Structures are given as structure tokens and as C-alpha cells.
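Notes follow the structure.
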2 protein chains.
Amino acid sequence: MTTDGANVSERNADRTRSTAGTATETAPGRDPEAVSRFVERFASQLVEAGMQRMPARVFTALLSSDTGAMTSAELGEQLRISPAAVSGAVRYLSQQHMVSREREPGSRRDRYRVHSDQWYEAVTNRDAVLRRWEDALREGVQQLGADTPAGRRIAETLAFFEFLQGEIAQLMERWRARRAELFGEDRARDDRPKG
Amino acid sequence: MTTDGANVSERNADRTRSTAGTATETAPGRDPEAVSRFVERFASQLVEAGMQRMPARVFTALLSSDTGAMTSAELGEQLRISPAAVSGAVRYLSQQHMVSREREPGSRRDRYRVHSDQWYEAVTNRDAVLRRWEDALREGVQQLGADTPAGRRIAETLAFFEFLQGEIAQLMERWRARRAELFGEDRARDDRPKG
DNA sequence: CGGTACTTTCACAAATTTGTGAAGTTAAGG
DNA sequence: CCTTAACTTCACAAATTTGTGAAAGTACCG
């Protein structure tokens, strides 16, 4: 853990400001170590909340990249994980609609992209999850008997989730308005492939 | 559901523990197998959503019990798990405020209880979780630079969670109203100790 | 004070999950 | 076609998690 110490300045560290802040395609004062610290810290929170480790790390790496998109190789290098691990993580994230895959026409490599205007929609849109919960609960009410105390308790739980599902849709609608207000409607442009 | 006047069940519960009797408090039409099927099915959903197995099973067992409360022995017997497993699960659930522990004055055994009006408040009230996420994100904005594309993306994520936190409070307020409308204000009485 | 009835803690074996190297697959460019 | 770059799948070793029996701890009751 201690590790790092003073040491190993990456070539990046050499890059002083003297090199004119202009050609900053690759981010100006981007300290890889700071980025890594954030990635690991936020990913840990996601893991604690139930997400698998690799998907959490890959996702956070994408989230904290300037372009919002990285190749498999970049992800592997930054996170120090094998291509296999990247592949697995990315498959999971795609299934959850948290990242999308892009094929670059000229190249053989894929890019994985997080759309900042879509990823938490995917998270809150855990429609499928809620629906499965509700199915299980409905069945429970039947099996326990709607007129028993237990059945009533389950029915109330079911009603709560049904209520929740409706509320979430409205809530996201409100968020979109507030988001536009805070950041502007065109904010999402950063997340699109470069034009 | 109002109390018409036939408080028969109250006497039933008062049954003193005689030697031979196991907890034969099961309701009449209650098929243990059906109960078990529901418990396992719903618990699986919770596991899939990130909850540990034993807490999920214990919690669902409590949720689908008629009184909303069970002793360690009852839980162990129904779920076929050791006292140690019950202990661990219950500790977790208490920390999450999903069940509460009661000490019966006359007896040496604890009862664990789910309050149907409180457990999903605990779930939606993942205040602590949200706060930790927000902390990590705030730090990320700083480290990445608020004026970088990445920093802006993280800032937007942060804003979303802050928004969410505020919305949830109002949402639960609305739910309480709706719940009263659907089930009556006194619905929660089943979940309280008999007095 | 014990005696006793529970509950909790702890070390550990079993089961599960995780991430890797290597082989396999696909498709872009010659 | 063949080469080659990139991605995916697979078997497995390592690491982690899980649940248990047994010992230890607690607190009620006489």
C-alpha cells in the first residue's frame, strides 16, 4: 500500500507546462495517479453496493476519462488487468446498458463508451429487476393468502414497489429538466464521437 | 381492516411454552412448503441484487411470517441453518435497520422483527451509501479538475445523486399518504408487539 | 451464587468467485 | 486466400466468501 513513494515519474510528469497548454488533446494537468485514486475509490463504493469488481473499475475508468471512451488496450493498461478481464467487464456493462460499444471503421479495435446522459438512466431503470421482484411478491401473496397477516404484509411491499416504479419515471423526467437547467441541453456533446 | 371485536388471536399468542410443544403457532391454511418456496424465490432476487444469501433468506422469512417476528430457533429450523448463521444474518439486518431485536422480558430468547412500515424506508434511505458516493465524486471533480470534460461528467453525476437524495424524501412522503389510503393508517399494528 | 438457556465468536473446510494465460474465433488488409 | 490484430472463450489456480461446529460469553432464574 505504501508503495509509490516518491519515485517513478512517468514520462507524463516530465511534461511541464512549458509545452504550451495548447495541444492538450491528452488532458493538461491530468495526474494519472489522481485519476487512479478516484477510480479505485469510487469503484470500491460500487463494489460495496453490490457491483462486481472489474465492471466497477472499468466503468469508473470510462467515467473519468476525458473523452468518455477508451479501447480495450487502454483500459487494460490503466487498470493493470488482462484483455480477458476487460472483455468480461465490458460484456457485463453492455448488458446493463451502462456502456456502449463502438467499432471504429478504420481500425480493428473497439471503443467502449459511457454516455453520461444515459448511464444513470440505466441504473434507475432497473425495470427488469423491479418487475422480477414484483412477480415474486405477487406469487407470494397468492401462496400465503391475501387475507393473512403475512399476505397483507407482502401485498403492501408489492404496492410499494409498484408505486416506486411509477414514481421513478416522473423523477427522471424532472431530472432531465433540472439537468438542462444546470448544464445546458447540449451538455451531452462530450459523450459523442468526435465530429 | 378494523377490529370488529373478535380478538381471538390474541389469546392464541399467549400460549405458554410447554415442554413438548414446538412453535406450533402456524396459521391454519399455511402450507410450509409454499412459504418456503416464496422465501427462496424472493431471497434469490435479493441476492441477485447484491444482498448476501443468509440475510436475504432470514429477512424474507420474517417478512412472510404472520406475526412479522421470529426467534433464532424458529429461523434456524425453517431455513435449516445453524444458530451461527442466524446470528450473523441478524446482525447485518440490524445494522441496515431492516429488522429490530426484541428481548422478551419473560424469556431468554430474542425475537427478530420486521416493521413493514420501516423496512423499505431503510432500503430507500440509503443515505449513508449515497453520501459516500457523493463524497467520492466530489473528490473526483477536484482531482480531475472541474473545467475538464471528465470533471464535468463527474460533476453531473454528483448533481444527479444530490438531486436523487432530495427526491427520495419527498417520494417517501407521498408513499406514506398513498399507503394510508390503500391500507389504512393503522395497518402497521400487526408489526408491533402485542400489548 | 450456580445452573441453564440462549447468543455470539472463532477457526476452518467447503464452495464460490475471480482473473489469468493460452487457445480459439473473427474480420480487416494486404 | 493468408496474415495479423483484436476480441472472446475456456480451464484452472488463487483468493475470497460462506456456513458450520465448538468454545466462549451473557444474562435470566432459582
Side-chain angles (χ1 to χ4, degrees), chain A residues 1 36 39-40 43-44 46-62 69-96 99-113, chain B residues 16-23 25 36 39-40 43-44 46-62 69-96 99-113:
Chain A
M1 282 256 145
S36 177
V39 168
E40 297 309 327
S44 294
L46 295 179
V47 168
E48 213 167 305
M51 197 170 178
Q52 288 159 357
R53 167 174 291 266
M54 286 296 125
R57 299 215 300 153
V58 166
F59 176 72
T60 312
L62 287 172
M70 296 172 77
T71 65
S72 172
E74 288 167 348
L75 286 165
E77 187 188 3
Q78 182 181 332
L79 299 174
R80 300 302 189 102
I81 58 179
S82 71
V86 175
S87 176
V90 150
R91 178 180 23 163
Y92 173 85
L93 292 169
S94 295
Q95 284 171 347
Q96 307 298 316
V99 312
S100 58
R101 181 189 313 251
E102 293 171 4
R103 273 216 147 78
E104 283 189 72
S107 163
R108 294 178 189 183
R109 57 185 69 175
D110 289 350
R111 311 193 120 255
Y112 305 103
R113 174 172 300 275
Chain B
T16 36
R17 292 228 167 263
S18 55
T19 54
T22 57
E25 218 175 312
S36 178
V39 168
E40 296 309 326
S44 294
L46 296 179
V47 168
E48 213 168 306
M51 197 169 176
Q52 289 159 356
R53 168 174 290 267
M54 286 296 125
R57 298 216 299 152
V58 166
F59 176 73
T60 312
L62 286 172
M70 296 173 77
T71 65
S72 171
E74 287 167 349
L75 286 165
E77 188 187 2
Q78 182 181 331
L79 300 173
R80 299 301 189 103
I81 57 179
S82 71
V86 175
S87 175
V90 150
R91 180 181 22 169
Y92 174 85
L93 292 170
S94 294
Q95 284 171 347
Q96 307 298 316
V99 311
S100 58
R101 181 190 311 253
E102 295 171 2
R103 279 180 240 140
E104 285 189 70
S107 164
R108 293 175 190 185
R109 58 185 68 174
D110 288 351
R111 312 191 118 253
Y112 306 103
R113 173 172 302 271

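Just so we're on the same page: letters track the sequence lines, and every chain starts at 1. Keep in mind it's a predicted model, so treat the numbers as computed, not measured. Reckoned from all heavy atoms, side chains included, excluding hydrogens, waters and symmetry mates.
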Backbone N/O of [Y] and side chain of [X]: donor-acceptor pair under 3.5 Å:
{"X": "B:Ser87", "Y": "B:Pro83", "value": "no"}
{"X": "B:Arg57", "Y": "B:Leu79", "value": "yes"}
{"X": "B:Ser44", "Y": "B:Glu40", "value": "yes"}

Hey, is the side chain of [X] poking within less than 4.0 Å of OP1 or OP2 on [N], counting only N and O atoms?
{"X": "A:Ser72", "N": "D:dC7", "value": "yes"}
{"X": "B:Arg108", "N": "D:dA27", "value": "no"}
{"X": "B:Ser87", "N": "C:dT7", "value": "no"}

Rounded to whole Å, how long is the line connecting atom [atom1] of [X] with atom [atom2] of [N]?
{"X": "B:Arg101", "N": "D:dA27", "atom1": "CZ", "atom2": "C1'", "result": "14 Å"}
{"X": "B:Arg53", "N": "D:dT20", "atom1": "CZ", "atom2": "P", "result": "11 Å"}
{"X": "B:Arg103", "N": "D:dC29", "atom1": "CZ", "atom2": "P", "result": "13 Å"}
{"X": "A:Leu75", "N": "D:dT8", "atom1": "CG", "atom2": "P", "result": "12 Å"}
{"X": "A:Gln52", "N": "D:dT16", "atom1": "CD", "atom2": "P", "result": "16 Å"}
{"X": "A:Ile81", "N": "D:dA15", "atom1": "CD1", "atom2": "C1'", "result": "17 Å"}
{"X": "B:Arg111", "N": "C:dC6", "atom1": "CZ", "atom2": "P", "result": "12 Å"}
{"X": "B:Asp110", "N": "D:dA27", "atom1": "CG", "atom2": "C1'", "result": "11 Å"}

(request) Tell me, please, which residues at least two apart from B:Ser94 pass side-chain contact (heavy atoms from CB on, under 4.5 Å). (result) B:Val90, B:Val99, B:Arg101
(request) Identify, between B:Val90 and A:Ala85, the residue whose nearest nucleotide on DNA chain C lies closer to the 5' end. (result) B:Val90
(request) For A:Gly106 and for A:Met54, find the nucleotide of DNA chain C with the closest heavy atom, then tell me which residue's nucleotide is more 5'. (result) A:Met54
(request) Give one of base, sugar-phosphate or nothing for B:Arg57, where a contact means two heavy atoms less than 4.0 Å apart. (result) nothing
(message) With nearest nucleotide decided by heavy atoms, which residue, A:Ala84 or A:Arg109, maps closer to the 5′ end of DNA chain D?
(response) A:Arg109
(request) Measure the spacing between OG of B:Ser72 and CZ of B:Arg111 and express it to the nearest 0.5 Å. (result) 11.5 Å
